Amino acid sequence: MSIKAVVLLSGGLDSSTLCSLATSQGREVYAISYDYRQRNRAELNAARKIAAAANVAEHVVFPIDLSVFGGSSLTDPKIAVEKDVPLEKIGTTIPSSYVPARNTIFLSLALGYAETRGAGEIWIGVNRYDYSGYPDCRPEYIEAYQRLVNLATKTGVEGNEIKVVTPLLNMTKAEIIRLGTTLGVDYSLTRTCYDLDDEGRACGRCESCLLRKNGFKEAGVPDPTLYRD
């Protein structure tokens, strides 16, 4: 009997690789995406296409309006997206694209989804390298959240652990791209730019674009992203 797994699917490069990896390992995938009124709305359309291509058991788009709080360039149009940051500087400070408590909110909703579907795993595509300094992507955060899962759920109290799975945690962006390429991920479907234009073209200058471009370069894989510059 296959293991049921809830997979957080943003429509970006990492989560798309994660979804394909889960299905390749025989998981029955229940994908969850979030419509949190993010600046990059195209990623939700990408998530739907990726979920369909991966033939997941179910794909849920959960509406939650984080723009009510603001505090991030991804949820507040008055806050500028940072551009042209040198690669060696990315991750040294927490950028304006940090959405307060986002992974805690997303994992909590995924946890409720996992309990209702009888899933034994929650997969999330955080990684400690090639990220933008977000505090909720660190290994110690995942370890702490796992303890919460065990304490705060009926499933955990009854001794049936829901495991938080992070296969990409110790991988660079180039390694993730190489893995996804072997799995047949169509990266042309993915969207990771923080500042896409109305035609869905990536800016090529935000931190997400810079990490993506560098990852494809280091992986030796052609970058299928459509950039406007």
Side-chain angles (χ1 to χ4, degrees), residues 1-69 72 74-75 99-127 134 136-137 141-142 145-146 148-150 152-156 160-168 180 183-187 189-194 196 200 208:
M1 184 176 179
S2 62
I3 298 172
K4 292 183 179 181
V6 168
V7 175
L8 277 70
L9 180 63
S10 70
L13 186 152
D14 294 344
S15 69
S16 300
T17 305
L18 188 77
C19 187
S20 288
L21 181 62
T23 55
S24 75
Q25 293 186 1
R27 300 304 195 265
E28 183 179 335
V29 172
Y30 291 77
I32 184 167
S33 305
Y34 300 97
D35 182 353
Y36 62 97
R37 295 298 184 266
Q38 59 269 51
R39 179 191 293 259
N40 182 0
R41 308 288 292 166
E43 68 181 11
L44 287 174
N45 291 330
R48 293 184 179 96
K49 293 176 182 177
I50 292 156
N55 196 30
V56 302
E58 184 176 56
H59 179 215
V60 171
V61 178
F62 194 101
I64 179 170
D65 190 356
L66 297 184
S67 69
V68 171
F69 301 145
S72 167
L74 301 192
T75 57
V99 179
R102 180 173 61 178
N103 278 351
T104 302
I105 295 167
F106 287 0
L107 278 170
S108 296
L109 294 170
L111 179 57
Y113 185 35
E115 276 208 288
T116 60
R117 294 300 185 269
E121 296 176 345
I122 298 172
W123 288 45
I124 181 170
V126 295
N127 66 298
Y134 302 145
D136 52 5
C137 289
Y141 168 78
I142 297 298
Y145 198 88
Q146 181 67 69
L148 182 147
V149 169
N150 298 338
T153 60
K154 177 178 182 289
T155 302
N160 299 309
E161 181 182 70
I162 298 175
K163 185 178 180 182
V164 181
V165 182
T166 57
L168 311 184
L183 294 170
V185 176
D186 184 356
Y187 285 121
L189 297 178
T190 65
R191 298 290 184 271
T192 55
C193 177
Y194 295 152
L196 288 165
S208 184

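What you see is a predicted model, and the numbers here were worked out from it, not measured in a lab.
Here the SG atom belonging to C137 is positioned 7.5 Å from the CD1 atom belonging to I142, to the nearest 0.5 angstrom. Interatomic distance, S108 OG to L148 CG, rounded to the nearest 0.5 Å: 6.5 Å. The distance from the CG atom of L18 to the CG atom of N127 is 10.5 Å, given to the nearest 0.5 Å. Atom CG of L189 and atom CG of D186 lie 4.0 Å apart (nearest 0.5 Å).
Looking only at side-chain heavy atoms (C-beta outward), L8 and W123 stay at 4.5 Å or farther from each other. Annotation: side chain of I32 is not in contact with side chain of L9 (no heavy-atom distance under 4.5 Å). Put simply, the side chain of E58 reaches to within 4.5 Å of the side chain of Y113, judged on heavy atoms. For the pair Y145 and L111, the minimum side-chain heavy-atom distance is below 4.5 Å. Here the side chains of E28 and I3 are not in contact, with every heavy-atom distance at 4.5 Å or above. Side-chain contact between I105 and L109 is present, with at least one heavy-atom pair separated by less than 4.5 Å. Side-chain contact between L183 and L21 is present, with heavy atoms from C-beta onward closer than 4.5 Å. Counting heavy atoms from C-beta on, the side chains of Y30 and K4 come closer than 4.5 Å.
A pairwise comparison of heavy atoms in R102 and Y134 identifies NH2-CE1, 4.1 Å as the closest pair. When every heavy atom of C19 is checked against every heavy atom of V56, the shortest pair comes out as SG-CG1, 3.9 Å. Of all heavy-atom pairs between G11 and A46, the closest is O-CB, 3.8 Å. Pairing each heavy atom of L196 with each of C193, the nearest pair is N-SG, 3.6 Å. Nearest heavy atom pair, residue A47 against residue S33, reads CB-OG, 3.5 Å. Nearest heavy atoms, D14 versus L168: O-CD1, 3.5 Å.
Using a distance-only test at 3.5 Å, with no hydrogens or angles considered, a donor-acceptor pair links the side chain of S10 to the main chain of G12. N103 contributes a side-chain N or O that, together with a main-chain N or O of D136, makes up a donor-acceptor pair within less than 3.5 Å. Under the 3.5 Å distance criterion, the side-chain polar atoms of K163 are left unmatched by any main-chain donor or acceptor of I122. A donor-acceptor contact shorter than 3.5 Å links the side chain of S208 to the backbone of T192.
The closest side-chain donor-acceptor pair between Y141 and Q146, if any, does not fall under 3.5 angstrom. At a cut-off of 3.5 Å, with distance as the only test, no side-chain donor of S16 or T190 sits close to an acceptor on the other residue.
Legend: residues meeting side-chain contact (heavy atoms from CB on, under 4.5 Å) with T155, ordered by chain and number and at least two apart, are E115, T153, N160, I162. For R27, the salt bridge (charged side-chain N to carboxylate O under 4.0 Å, His left out) partners two or more places apart in sequence, or in a different chain, are E121. Scanning for ring-ring contact (aromatic ring centres under 6.0 Å, His included) contacts around F106 gives Y34, Y36, with sequence neighbours left out.
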task = Start with the C-alpha distance between R191 and L44, add both sets of side-chain angles, then the distance that settles side chain to side chain contact (heavy atoms under 4.5 Å, CB included), and finish with yes or no.
result = CA-CA 9 Å; R191 298 290 184 271; L44 287 174; over 6 Å; no
message = Does T75 form a side chain to side chain contact (heavy atoms under 4.5 Å, CB included) with F69? I'd like the steps, not just the answer.
response = CA-CA 8 Å; T75 57; F69 301 145; over 6 Å; no
task = Report the C-alpha distance between Y187 and L13 in whole Å, list the side-chain angles of each, state the deciding distance to 0.1 Å, and finish with yes or no for side chain to side chain contact (heavy atoms under 4.5 Å, CB included).
result = CA-CA 7 Å; Y187 285 121; L13 186 152; 3.7 Å; yes
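Taking 4.0 Å as the cut-off between side-chain N and carboxylate O, D35 and R41 count as a salt-bridged pair.
The number of heavy-atom neighbours closer than 6.0 Å to NZ of K49, taken from other residues, nucleotides and ligands shown, is 12 or below.
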